[in-house]
Amino acid sequence: MLIVDKNECIACKACVDVADTIFAMNDENSFAFVTKQPLTELEVELADDAIQTCPVNAIKYIEEETELNLETEKPSSNDEKEKSKQQQISKFIDVEIDTTDIITAKSNIKETLDKYPQLKDVLVSLSPKFKKMQNPILYNTLARFATFADAANVTGLSVCEILHTLNKAIGKEKKLTEIFPDCISQEVKLEDEFLGNEITWNENNDRFIYNSDTMPEIIERVNNLNPQESIVIISVNNPIELLKVAKGLDYQFNIEKGKDYRISIFNPKSVNLEMNNNWERIASTFPVLDVRFFTTDPFDTIIKTAYNTEEGSGFILIQRFVPFPIINMLTEMGFDHKVQRVTDSENYVFFYKKFTEKGETSNSSKKDVIIQSATPVAYPVIMRLLQSDKIRSTFNIKELKIWEETEKHLAWITSGKADISFSALITAAKLKNSNIKIPALFVWDNFYLLTRYKATSFADVIGKKINTPLFEEAPPTKITKYLMKSLGYNSDDFTFVYGKPFGRPEQIYADFVRGTSDTCILREPEASFAIKILQEMGEEISIISFNELWNQVNPNYGSFPNAGIVIKEEFYNANKEESVLFLNELKEAINWVNQNKLESAKLSFDMMRQPVERVELFLNRVKYEYVDGEKLIDNIKSYFNVLNSEKITEVVVDDKFLNMFKL
């Protein structure tokens with residue numbers, strides 16, 4: 001039995017956000033509870049997602065006799081349980097279907113199953129041959145053009161049996177009987193529709209045998225015929241359903257009846273922009289990218305695949321849910337798409353890269369580039385940047401790596417593997433001997449001291465354990481101690497706590513939200529996420545801005561730098577024009593994000609694994625400003641002079657160092 005332990009629940013509403021059909025908040029919004037036990041595959045999947053999302057592990061499955069302080073409705077007997085289960089199933093069906101029309105022999109199979117997806121299992125119960133129809137390939141070809149009269153012909157079932165069974169399942173059997181007392185009369189004469197064409201094309205020498213066993217393979221071959229290609233098929237029975245597929249695809253065909261049926265099918269189309277309107281016929285040939293079982297965010301893999309896809313081709317993404325942000329992003333990148341739900345937890349998204357007006361299909365003139373990001377604060381900017389037409393036409397992104405363990409990106413910089421990196425300034429500046437350029441910064445004032453009690457200054461956190469990112473010698477601790485010292489405090493009076501081996505921002509954030517810690521230093525975006533959750537919970541939270549403290553110590557200083565763009569010097573020297581274009585498009589992306597924060601949140605929330613409203617709050621709090629040239633040099637001098645004077649860094653700010661920030 002699924003339960004929420006209200007003694008552990010922190011009322012963050014994450015489970016309700018993920019699965020509002022299973023969880024709800026109590027009237028006081030003080031804890032979540034289970035409104036119904038998961039029954040369907042979709043509900044079980046949603047419940048599992050909620051379990052993984054819960055930051056305090058308050059959601060769990062238990063044996064029903066276990067005594068816990070729960071909030072859930074429990075059926076009192078096996079009969080009641082079964083009744084409850086059937087009611088929930090009926091409720092699910094009632095929500096999903098539209099019972100306005102009945103299903104007839106002329107009804108299109110795919111349109112009907114798209115409208116009533118629960119009928120897929122009903123068909124399989126009638127004949128195992130319908131199981132093949134659930135194959136995405138056949139579903140997008142045979143079912144796309146076939147009727148239930150065709151289905152009767154293929155399966156050997158009576159069309160009347162099929163129609164009565166389907167209409168009964170949607171509550172329309174009575175109406176079917178009233179309108180068509182003899183539903184078999186709805187069968188139509190099909191053979192006259194397929195007189196065929198005279199053969200005027202060159203036939204392929206191969207011959208293929210068509211029967212119930214080979215049907216999926218043959219239909220796939222027909223569906224995938226290239227322009228000006230033909231296929232010859234031999235069948236004992238009249239393959240009406242196959243001819244419907246050919247007709248639906250606007251193919252030419254010839255049918256001759258002797259001892260057997262001989263069918264010649266020809267694709268008369270030329271390779272041109274018409275492909276954009278008929279790409280679904282080749283969708284089954286696209287390579288498959290199944291990310292359902294990835295242990296890390298698959299975003300970088302998906303984007304790399306998209307960038308490597310040539311016009312006129314595509315790929316099939318398999319995911320547990322429909323990835324709307326990815327769909328929206330790839331649409332902007334020139335992709336068309338088709339979503340196919342196989343089961344509630346298995347979704348096929350067929351992506352097709354459309355031909356442009358010029359019809360260029362080669363990536364040979366593009367510059368290969370490997371990009372990495374070590375900081376999630378840049379994710380919304382990256383998402384927008386990747387939609388740039390100029391970026392797509394100029395660069396072939398061989399790899400886009402999004403690091404969860406941020407320190408690992410340093411190896412890619414020092415080894416020269418990464419051409420372009422999004423990195424923290426202090427970290428990157430330590431690598432001045434690695435032949436890199438840092439031509440622009442765009443993230444400023446990124447750290448905050450957060451407490452779950454009233455705090456207005458460092459004095460209020462004395463005696464508290466301050467959960468701190470990274471380790472003692474890292475910039476967050478050193479800058480904090482500098483601010484403490486400058487404001488008249490002894491840093492030895494404070495207790496800094498680190499994770500093992502490092503203080504991970506995502507873990508610090510989770511501990512702070514669940515209440516196992518009450519004081520922490522957090523960067524963006526985790527700071528905004530924590531603030532939003534505690535505000536929604538009605539919990540007290542105090543926010544002390546490091547920018548405000550910095551300006552108390554350094555009056556009128558303004559913003560201090562946090563992160564920017566790092567370019568491998570070898571890459572820049574070989575691709576100066578392209579590098580400048582990249583920086584210009586980065587600047588445009590930053591401006592767009594600043595002006596379209598809600599739209600940017602909708603574009604990036606999936607990548608950031610947070611609801612749209614939390615990402616929007618982050619975008620309203622973060623400071624994005626593209627700074628380069630002399631203004632950047634002046635800021636770098638000022639910043640590192642402060643850091644060096646306090647022994648936070650030991651960087652020699654000479655011409656060699658400053659040259660790193662110039663192009």
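Being a predicted model, the structure only gives us computed values, none of them experimental.
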Would you please classify the geometry between the Tyr624 ring and the Phe618 ring as parallel, tilted or perpendicular, with 30° and 60° separating the classes?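 Perpendicular.
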Can you pull the side chain to side chain donor-acceptor pair (under 3.5 Å) pairs that have at least one residue in residues 561-581, sequence neighbours excluded? Asp419-Lys568, Asn446-Asn562
What residues, two or more places apart in sequence or in another chain, satisfy side chain to side chain donor-acceptor pair (under 3.5 Å) together with [X]?
| X | value |
| --- | --- |
| Thr519 | Tyr453 |
| Thr480 | none |
| Ser421 | Gln372 |
| Gln507 | Asp511 |

Indicate yes or no: at least one non-hydrogen side-chain atom of [X] is less than 4.5 angstrom from one of [Y].
| X | Y | result |
| --- | --- | --- |
| Ile3 | Met1 | yes |
| Leu470 | Tyr498 | no |
| Lys437 | Met660 | no |
| Asp460 | Thr451 | no |
| Asp445 | Phe546 | no |

Do Tyr448 and Ser528 have side-chain N/O donor and acceptor atoms under 3.5 Å apart?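 No.
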For the residue pair Ser645 and Asn641, confirm or rule out a side-chain donor-acceptor distance under 3.5 Å.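 Note: Ser645 and Asn641 side chains miss the donor-acceptor criterion.
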Can [X] and [Y] be counted as an ion pair, charged N to O under 4.0 angstrom?
| X | Y | answer |
| --- | --- | --- |
| Lys485 | Glu646 | yes |
| Lys454 | Glu540 | no |
| Glu588 | Lys390 | no |

Going by side chain to side chain contact (heavy atoms under 4.5 Å, CB included), name the residues that satisfy it together with [X], two or more places apart in sequence or in a different chain.
| X | answer |
| --- | --- |
| Lys597 | Leu619, Asn620 |
| Ala24 | Phe33, Thr35 |
| Pro611 | Asp17, Glu613, Arg614 |

Around atom NZ of Lys587, are there more than 12 heavy atoms from other residues, nucleotides or ligands closer than 6.0 Å?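 Count not over threshold, so no.
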CG/Asp654: more than 12 non-hydrogen atoms of other groups inside 6.0 Å: yes
Evaluation steps, side-chain contact (heavy atoms from CB on, under 4.5 Å), between Leu441 and Leu425: CA-CA 8 Å; Leu441 299 178; Leu425 169 63; 4.0 Å; yes
Taking the six-membered ring of Phe496 as reference, does the cationic atom of Lys481 (NZ for Lys, CZ for Arg) lie under 6.0 Å from its centre and within 45° of its axis?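 That pair qualifies as a cation-pi contact.
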Under the salt bridge (charged side-chain N to carboxylate O under 4.0 Å, His left out) test, residues paired with Glu616 that sit two or more places apart: none
Suppose the criterion is salt bridge (charged side-chain N to carboxylate O under 4.0 Å, His left out): which pairs have a residue in residues 620-641, not counting sequence neighbours?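 Every salt bridge (charged side-chain N to carboxylate O under 4.0 Å, His left out) pair that includes a residue of residues 620-641, provided the two are not neighbours, is Glu524-Arg621, Lys623-Glu625, Glu625-Lys631.
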Please lay out, stage by stage, how Ile533 and Tyr509 fare under the test side-chain contact (heavy atoms from CB on, under 4.5 Å). CA-CA 11 Å; Ile533 290 175; Tyr509 151 75; 3.2 Å; yes
Residue pairs, two or more places apart or on separate chains, that pass ring pair (Phe, Tyr, Trp, His ring centres under 6.0 Å) and touch residues 634-663: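 Only Trp550-Tyr639, Phe640-Phe657, Phe657-Phe661 qualify under ring pair (Phe, Tyr, Trp, His ring centres under 6.0 Å).
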What ring pair (Phe, Tyr, Trp, His ring centres under 6.0 Å) pairs are there with at least one residue in residues 576-603, not counting sequence neighbours?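 Listed by first then second residue: Phe395-Phe582.
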For Val322 and Ile327, what are the C-alpha separation, side-chain angles and deciding distance, and is it a side-chain contact (heavy atoms from CB on, under 4.5 Å)? CA-CA 9 Å; Val322 180; Ile327 290 174; 3.8 Å; yes
